[in-house]
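In what follows, chains are A, B, ... by sequence order, proteins preceding strands, each numbered from 1.
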Number of protein chains: 2
Amino acid sequence: MKLSTKGRYGLKAMIDLAFHYKDSPIPLKVIAERQQLSESYLEQLIATLRKAGLVNSIRGAQGGYMLSKSPDKITVGEIIHALEGSLAPIECVNEDSKVSCEKVENCVSRIVWIKVRDSTRALLNSISLADICKEAKLKE
Amino acid sequence: MKLSTKGRYGLKAMIDLAFHYKDSPIPLKVIAERQQLSESYLEQLIATLRKAGLVNSIRGAQGGYMLSKSPDKITVGEIIHALEGSLAPIECVNEDSKVSCEKVENCVSRIVWIKVRDSTRALLNSISLADICKEAKLKE
DNA sequence: CATAATCCCTAGTATTACGCTAGGGATTAT
DNA sequence: ATAATCCCTAGCGTAATACTAGGGATTATG
């Protein structure tokens with residue numbers, strides 16, 4: 001049940017962008033340094049986020065990345081879904097996938113995994129980047 | 001966020017044992033056939049479950065496995081924890097582990113993963129094998 | 001008592017996914 | 001013109017996954 005570094009690093013980068021929402025655009029190099037992540041690896045992750053419409057980019061010198069919407073309009077659920085794919089804990093409860101198990105109808109354990117999927121999804125969709133920034137500022 | 005086959009197959013085997021709770025002991029061969037799983041692989045999984053105290057075994061001819069407690073006393077949470085380890089989606093929120101991140105105190109995304117861990121745990125701990133059997137019987 | 005059925009244990013192994021690195025091209029501010 | 005940036009793709013070492021194989025220990029049964 002582990003998340004890969006894609007989701008982890010990607011969320012870190014998005015939180016970084018949310019914190020500096022008004023300073024945009026922010027070069028990837030800066031994010032990578034601040035978050036202590038490999039720049040070229042992060043490049044791949046942010047490309048995914050861009051294709052998912054969660055960040056915008058500006059090319060060339062003085063370019064960089066910025067959130068495509070305000071932090072309260074972007075949820076952790078969207079970010080993780082973009083980077084990790086479905087939140088389904090096993091393939092047979094993944095709606096994005098075409099692969100289906102022929103025993104789906106009378107598979108008993110399936111009920112459990114649907115519940116896990118839905119509860120995780122509901123939780124992550126309920127948390128926005130703005131929420132995280134708020135909580136973080138309280139801690140200071 | 002995928003579960004490995006350990007958790008998947010292991011839960012299937014446990015549900016099978018729960019369904020046949022009174023017929024015990026059940027040889028692994030029978031479970032493997034009924035659940036369409038590789039017997040020798042399942043052997044390793046059930047060894048883990050036995051060491052976790054969730055099943056008992058009887059050796060020799062006519063031997064087999066049985067649940068160590070009644071199905072309403074065993075939760076999916078216990079089973080998955082035994083087979084997959086902590087439900088922590090990332091290492092830094094895994095209480096079973098000694099590995100700790102020095103940035104734990106001011107890591108913002110950590111808040112999210114603690115919530116995921118706790119919500120999944122609560123959900124899985126709330127579902128017993130008896131609950132699953134009940135739901136399955138309703139479907140028939 | 002011999003045999004077959006079962007649990008028990010360990011080692012090995014092919015495949016896959018993960019977590020990157022590398023290198024070069026396209027764009028744009030200065 | 002140059003440097004700073006985004007953009008794209010290919011490759012690659014490591015570790016984990018999902019098994020398979022083989023043999024030993026125990027015990028019911030005929």
Side-chain angles (χ1 to χ4, degrees), chain A residues 1-13 17 23-33 35-68 80 83-86 89-91 94 97 99, chain B residues 1-13 17 23-33 35-68 80 83-86 89-91 94 97 99:
Chain A
M1 286 294 278
K2 286 282 177 295
L3 206 74
S4 75
T5 54
K6 286 178 202 166
R8 255 162 57 209
Y9 296 177
L11 179 60
K12 283 192 181 211
L17 284 174
D23 324 0
S24 338
I26 302 169
L28 201 61
K29 199 183 175 189
V30 173
I31 303 176
E33 267 162 21
Q35 303 298 322
Q36 308 245 60
L37 303 171
S38 142
E39 189 182 341
S40 55
Y41 187 42
L42 194 53
E43 211 169 347
Q44 293 170 40
L45 307 184
I46 207 144
T48 307
L49 293 167
R50 185 175 47 80
K51 282 165 194 159
L54 298 173
V55 299
N56 292 331
S57 62
I58 294 180
R59 304 179 75 172
Q62 311 305 314
Y65 292 93
M66 65 195 82
L67 298 182
S68 66
I80 299 301
L83 292 165
E84 303 262 343
S86 163
I90 68 174
E91 204 47 35
N94 175 4
S97 147
V99 186
Chain B
M1 287 293 277
K2 287 282 179 293
L3 206 73
S4 75
T5 55
K6 287 179 202 164
R8 250 160 62 207
Y9 296 177
L11 179 60
K12 283 193 180 210
L17 284 174
D23 325 359
S24 334
I26 302 169
L28 201 62
K29 198 183 175 187
V30 173
I31 303 176
E33 266 164 19
Q35 302 298 324
Q36 310 246 59
L37 304 170
S38 142
E39 190 183 340
S40 54
Y41 187 43
L42 194 53
E43 212 169 346
Q44 294 170 39
L45 307 185
I46 207 144
T48 307
L49 293 167
R50 186 174 47 80
K51 283 166 194 158
L54 298 174
V55 299
N56 293 330
S57 62
I58 295 181
R59 305 180 74 172
Q62 311 306 314
Y65 292 93
M66 65 195 81
L67 298 183
S68 67
I80 299 302
L83 291 165
E84 303 262 343
S86 163
I90 67 174
E91 205 46 34
N94 174 3
S97 148
V99 187

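Spacing between atom CD1 of Ile31(A) and atom P of dT5(D) amounts to 12 Å, rounded to whole angstrom units. Following rounding to the nearest Å, Gln35(A) (CD) and dG19(C) (P) show an atom-to-atom distance of 17 Å. Atom CD in Glu39(B) sits roughly 9 Å away from atom P in dT6(C) (whole-Å rounding). We find that NZ of Lys29(A) is positioned 14 Å from C1' of dC6(D), with the value rounded to whole Å. Atom C1' of nucleotide dC20(C) and atom CZ of Arg8(A) are separated by 13 Å, given to the nearest angstrom. If you take OH of Tyr65(A) and C1' of dC6(D), they are 5 Å apart, rounded to a whole angstrom. Straight-line distance from the CD atom of Glu91(B) to the P atom of dA16(D): 11 Å, rounded to whole Å. The distance from atom OH of Tyr41(B) to atom P of dC7(C) is 18 Å, rounded to the nearest whole Å.
You'll find a donor-acceptor pair under 3.5 Å spanning the side chain of Glu43(A) and the base of dC7(D), going by distance alone.
Within 6.0 Å of NZ in Lys6(B) there are 12 or fewer heavy atoms belonging to other residues, nucleotides or ligands.
Ser40(B) comes within 4.0 angstrom of a nucleotide base, judged by non-hydrogen atoms across all strands.
Using a distance-only test at 3.5 Å, with no hydrogens or angles considered, a donor-acceptor pair links the side chain of Glu84(A) to the main chain of Ser4(A).
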Side-chain donor-acceptor distances from residues 40-68 of chain B under 3.5 Å, at least two apart:
| unit_1 | atom_1 | unit_2 | atom_2 | d |
| --- | --- | --- | --- | --- |
| Tyr41(B) | OH | Thr5(B) | OG1 | 3.0 |
| Thr48(B) | OG1 | Gln44(B) | O | 3.2 |
| Ser68(B) | OG | Gly53(B) | O | 2.7 |
| Ser68(B) | OG | Leu54(B) | O | 3.1 |

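Counting only heavy atoms from C-beta on, Gln62(B) has its side chain closest to dA28(D) among dT27(D), dA28(D), dC20(C).
Listed by residue number, Gln44(B) are the residues of residues 44-53 of chain B with a heavy-atom contact under 4.0 Å to DNA chain D.
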